[in-house]
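In what follows, residues are counted from 1 in the order of the sequence shown.
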Amino acid sequence: MKTRRWRRVGTMESFSSKSLAMQAEKKLLSKMAGRSVAHLFIDETSSEVLDELYRVSKEYTHSRPQAQRVIKDLIKVAVKVAVLHRSGCFGPSELALATRFRQKLQQGAMTALSFGEVDFTFEAAVLAGLLTECRDILLELVERHLTPKSHNRIRHVFDHFSDPGLLTALYGPDFTQHLGKICDGLRKMLDEGKL
């Protein structure tokens with residue numbers, strides 16, 4: 001029977017229970033990214049918007065698994081970023097990035113609302129550009145906190161919803177009901193300061 005010897009490398013051992021707990025929490029939450037965990041971090045209005053985004057994705061892609069994957073990725077990212085923020089993991093420069101991300105997300109939501117309320121104003125490139133900017137800011141924010149797998153989830157979510165084809169379909173006649181519910185939810189989230 002072979003025995004293992006543990007050698008201590010010349011550098012000082014770094015151990016942080018807080019860091020370990022954070023890793024465990026993120027891992028646990030990523031495994032449980034379902035409706036029950038989402039409600040801990042995502043309110044009812046946000047949940048309704050996510051449900052409509054799922055329906056839009058499912059109808060647009062004609063793929064239930066693909067739609068489920070993008071929403072699951074969105075929830076995982078939202079939960080992980082919320083955990084990082086609530087745990088005080090962001091430094092001053094990262095908090096400035098978080099503020100920029102939130103402002104850009106709010107601008108995107110107001111633009112989406114405006115396009116939904118005023119006929120013949122929709123421009124897919126404008127909304128796609130705002131979502132791409134949000135993606136890039138968020139990737140910069142979490143660069144040193146999340147794994148490459150989580151970075152890919154962020155890209156997947158934002159690339160999916162910034163697809164000009166999907167956006168054009170969303171603002172077209174076949175998705176009017178979905179767009180109305182999404183706009184109602186976005187308006188409520190903006191009014192309540194939750195976006």
Side-chain angles (χ1 to χ4, degrees), residues 18-19 22-23 25-26 29-30 33 37-38 40-50 52-54 56-57 70-118 121-164 166-168 170-171 179 182-195:
K18 182 178 178 182
S19 175
M22 176 70 61
Q23 287 175 336
E25 191 173 76
K26 287 192 301 189
L29 291 173
S30 72
V37 172
L40 295 173
F41 294 93
I42 300 171
D43 63 34
E44 190 63 35
T45 305
S46 301
S47 182
E48 290 168 5
V49 170
L50 289 173
E52 283 307 312
L53 289 173
Y54 164 75
V56 166
S57 294
V70 77
I71 298 302
K72 190 171 185 176
D73 283 353
L74 194 158
I75 291 170
K76 283 182 177 185
V77 167
V79 167
K80 286 181 180 185
V81 171
V83 167
L84 289 169
H85 183 69
R86 289 180 183 180
S87 300
C89 292
F90 296 136
S93 63
E94 291 168 327
L95 288 172
L97 274 174
T99 299
R100 245 181 70 213
F101 173 74
R102 187 172 188 191
Q103 290 168 341
K104 191 58 70 175
L105 200 58
Q106 289 170 341
Q107 181 185 359
M110 289 187 284
T111 302
L113 285 171
S114 174
F115 287 161
E117 293 169 351
V118 182
T121 59
F122 170 70
E123 289 184 48
V126 171
L127 210 44
L130 287 168
L131 289 169
T132 300
E133 286 181 62
C134 285
R135 178 200 65 201
D136 294 343
I137 295 168
L138 185 57
L139 283 169
E140 189 178 348
L141 173 65
V142 300
E143 181 178 11
R144 41 181 222 98
H145 298 285
L146 298 180
T147 64
K149 189 173 182 179
S150 292
H151 296 172
N152 287 336
R153 284 188 180 110
I154 291 168
R155 286 185 194 91
H156 178 232
V157 168
F158 281 96
D159 292 350
H160 176 78
F161 287 111
S162 65
D163 172 17
L166 183 141
L167 292 171
T168 301
L170 177 60
Y171 284 87
L179 180 62
I182 291 168
C183 286
D184 289 346
L186 289 176
R187 189 176 303 103
K188 186 174 179 183
M189 290 165 68
L190 284 167
D191 290 346
E192 294 174 355
K194 293 181 179 176
L195 190 65

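Residues Gly108 and Leu127 share a closest heavy-atom pair of O-CD1, 3.7 Å. Across all their heavy atoms, Cys183 and Leu113 have their closest contact at O-CD2, 3.1 Å. Of all the heavy atoms in Val49 and Ile182, the pair that sits closest is CG2-O, 4.2 Å. Of all heavy-atom pairs spanning Glu140 and Leu97, the tightest one is CG-CD1, 3.6 Å. Heavy atoms only, all atoms of each residue included: Phe115 and Thr121 are closest at CE2-O, 3.0 Å. Considering every non-hydrogen atom in both Ser162 and Thr132, the closest pair reads OG-OG1, 4.1 Å.
Going from atom CZ of Arg135 over to atom CD1 of Ile154 covers 10.5 Å, rounded to the nearest 0.5 Å. For the atom pair OG1 (Thr45) and NZ (Lys194), the distance works out to 5.5 Å, reported to the nearest 0.5 Å. Taking CZ of Phe158 as the start and CG of Leu130 as the end, the distance is 11.0 Å to the nearest 0.5 Å. Atom CZ of Phe122 is separated from atom OG1 of Thr111 by 11.5 Å, given to the nearest 0.5 angstrom. Once rounded to the nearest 0.5 Å, the distance linking OG1 of Thr168 with CD of Glu123 reads 11.0 Å. With rounding to the nearest 0.5 angstrom, the SG atom of Cys134 is 12.5 Å from the CZ atom of Arg102.
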Give the intermediate values and the outcome of salt bridge (charged side-chain N to carboxylate O under 4.0 Å, His left out) for residues Arg187 and Asp184.
CA-CA 5 Å; Arg187 189 176 303 103; Asp184 289 346; 3.1 Å; yes

Applying side chain to side chain contact (heavy atoms under 4.5 Å, CB included) to Leu146 and Leu84, what does each step give before you reach the verdict?
CA-CA 9 Å; Leu146 298 180; Leu84 289 169; 3.8 Å; yes

Chi angles and distances behind the side chain to side chain contact (heavy atoms under 4.5 Å, CB included) call for Glu133, Gln107:
CA-CA 11 Å; Glu133 286 181 62; Gln107 181 185 359; 5.9 Å; no

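Side-chain contact between Arg153 and Lys80 is present, with heavy atoms from C-beta onward closer than 4.5 Å.
Residue Phe161 forms a side-chain contact (heavy atoms from CB on, under 4.5 Å) with just one option from Val56, Val70, Leu167, and that option is Val70.
Checking side-chain atoms of Ser114 against main-chain N and O of Met110 turns up no donor-acceptor pair under 3.5 Å. Side chain of Tyr54 to backbone of Lys72: no donor-acceptor contact under 3.5 angstrom is found. A donor-acceptor pair is defined here as one N or O able to donate and one able to accept, closer than 3.5 Å; no such pair exists between the side chain of His85 and the backbone of Phe90. Side-chain atoms of Gln106 do not come within 3.5 Å of backbone N or O of Leu190 as any donor-acceptor pair.
A salt bridge between Lys188 and Glu48 is absent, with no side-chain N of the basic residue lying under 4.0 Å from a carboxylate O of the acidic one.
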